[in-house]
Enquirer: 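One structure follows; several queries about it will come next.
Fair warning: this is a prediction, and the values are worked out from it, not measured in the lab. Numbered from 1 within each chain, the chains take letters A, B, ... in sequence-line order.
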There are 2 protein chains.
Amino acid sequence: MKQPREVFLEYLRKRGLNMTPQRAAIVETFLESEGHFSSEELCGRARKLDPAIGQATVYRTLKLLVESGLAGALLAGEGPTLYEHSYGHAHHDHLVCLECGVKVEIVDPEIEKRQEELAGAQGFTLTRHSMVLYGLCPACLKRMGGRTLDA
Amino acid sequence: MKQPREVFLEYLRKRGLNMTPQRAAIVETFLESEGHFSSEELCGRARKLDPAIGQATVYRTLKLLVESGLAGALLAGEGPTLYEHSYGHAHHDHLVCLECGVKVEIVDPEIEKRQEELAGAQGFTLTRHSMVLYGLCPACLKRMGGRTLDA
DNA sequence: TTAATTGCAAATCGTTTGCTGAAAG
DNA sequence: CTTTCAGCAAACGATTTGCAATTAA
């Protein structure tokens with residue numbers, strides 16, 4: 001499997017785009033970041049490499065990262081879009097705690113298979129999907145005791 | 001099963017809120033609307049009953065409709081939030097065509113069950129979930145022939 | 001009378017875009 | 001040279017909010 005930087009460079013080449021110090025810094029920062037993070041967070045981190053980097057450039061580069069297949073975007077209904085690594089990662093869905101926001105990645109071939117079947121039954125060809133399960137994580141469940149949830 | 005207007009009135013009462021002509025017009029319009037629609041669309045329709053209704057009031061009333069259980073909100077990653085009837089409707093997920101935007105509602109007890117299992121395996125208690133399958137509907141599939149999709 | 005409600009306009013928030021100078025090939 | 005880029009600030013779209021003037025109970 002090619003390494004991510006190579007994938008990105010190839011993507012740029014294919015599109016007739018250039019590598020620049022800013023893009024390099026952002027990609028570098030992206031590759032070093034773990035979990036889920038927003039464009040703004042990434043910008044903050046990238047500025048440690050180059051304080052002059054603009055938020056707009058980060059947005060533009062994130063778009064390239066997504067298109068190149070290195071990054072995945074989680075359109076959170078609430079708040080900013082979160083990004084994550086997607087190169088070399090199997091597709092996964094998310095389990096989110098409504099209290100503390102912790103996110104757990106889950107994979108289930110059975111659900112994936114059923115999704116294909118359901119789509120097929122309607123004559124659809126699936127491209128992608130998003131599934132997010134919301135609830136309470138074990139820690140919050142314990143911490144809140146039996147009280148109701150209405151955050 | 002109580003009728004929706006009654007449900008809404010009870011909800012208002014319980015919260016110490018008042019019924020007003022504007023709320024009545026918006027609820028009425030909501031109940032007559034089918035499928036998925038945005039706050040703005042609903043506002044446009046409600047103005048046929050009362051042209052002075054403000055967009056802000058529609059947003060505020062939609063929030064009440066959701067809280068009362070009459071409406072469900074689809075946090076579309078793209079564009080405005082779409083609303084639909086949820087009172088007396090079984091939970092369902094969505095199948096969306098990336099080309100023409102048509103939305104099909106799907107229900108599958110098997111997936112619902114599997115979701116509970118997956119969440120339980122992580123110690124989570126599920127409150128709700130959202131699942132959206134994206135792809136091409138039969139019509140677009142045919143219309144586009146074998147061409148690639150990169151809209 | 002008294003809290004709830006309205007419409008408006010201004011404010012937010014995340015994200016995109018127009019612009020002008022700078023830089024990559 | 002000729003695009004492509006960068007950074008900035010202004011523009012955007014959806015939604016929320018402050019406010020002063022009504023209105024419901």
Enquirer: Is the number of heavy atoms from other residues, nucleotides or ligands under 6.0 Å of Gln3(A) CD greater than 12?
Expert: yes
Enquirer: Counting only heavy atoms not in Glu34(A) (residues, nucleotides, ligands), do more than 12 fall under 6.0 Å from its CD?
Expert: no
Enquirer: Quick one: do Glu28(B) and Arg45(B) make a salt bridge, cutoff under 4.0 Å?
Expert: no
Enquirer: For DNA chain D, what residues of residues 28-51 of chain B have any heavy atom nearer than 4.0 Å?
Expert: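 Heavy-atom contacts with DNA chain D come from no residue of residues 28-51 of chain B; none.
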Enquirer: Strictly distance-based, threshold 3.5 Å: is any side-chain N or O of Tyr87(A) a donor or acceptor partner for the main-chain N or O of Lys2(A)?
Expert: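 A pair under 3.5 Å: yes.
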Enquirer: Atom CG of Leu9(B) and atom P of dA24(D): how far apart are they, to the nearest Å?
Expert: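 After rounding, the reported distance stands at 15 Å.
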Enquirer: Parallel, tilted or perpendicular, judged at 30° and 60°: which one describes the rings of His85(A) and Phe30(A)?
Expert: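 Judged by the thresholds at 30° and 60°, the geometry between His85(A) and Phe30(A) is tilted.
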Enquirer: Could you report the tightest heavy-atom contact between Gly69(A) and Ser86(A), atom names first, then the distance?
Expert: O-OG, 2.8 Å
Enquirer: Does the protein touch nucleotides 16-22 of chain C at the base, only the backbone, or not at all? Give it as B, S and - per nucleotide, heavy atoms under 4.0 Å.
Expert: BBB----
Enquirer: Quick one: are Tyr83(A) and Leu65(A) in side-chain contact, heavy atoms under 4.5 Å?
Expert: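 The answer is no, as the side chains (C-beta and beyond) never meet within the 4.5 Å cut-off.
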Enquirer: If you count the non-hydrogen atoms of other residues, nucleotides and ligands that lie under 6.0 Å from CD in Glu40(B), is the total more than 12?
Expert: no
Enquirer: So that I can tick it off, tell me whether Glu117(B) and Arg114(B) are bridged by a salt bridge, with the cut-off set at under 4.0 angstrom between side-chain N and carboxylate O.
Expert: yes
Enquirer: Which residues within residues 11-27 of chain A lie with some heavy atom under 4.0 Å of an atom in DNA chain D?
Expert: Leu17(A), Asn18(A), Thr20(A), Gln22(A), Arg23(A)
Enquirer: Rounded to the Å, how far apart are Leu62(A) CG and dA6(D) P?
Expert: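 Rounded to the whole Å, the gap is 13 Å.
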Enquirer: Tell me the closest heavy-atom pair linking Arg23(A) and Asn18(A), and the distance in Å.
Expert: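 Distance-wise, the nearest heavy atoms are NH1-O, 2.7 Å.
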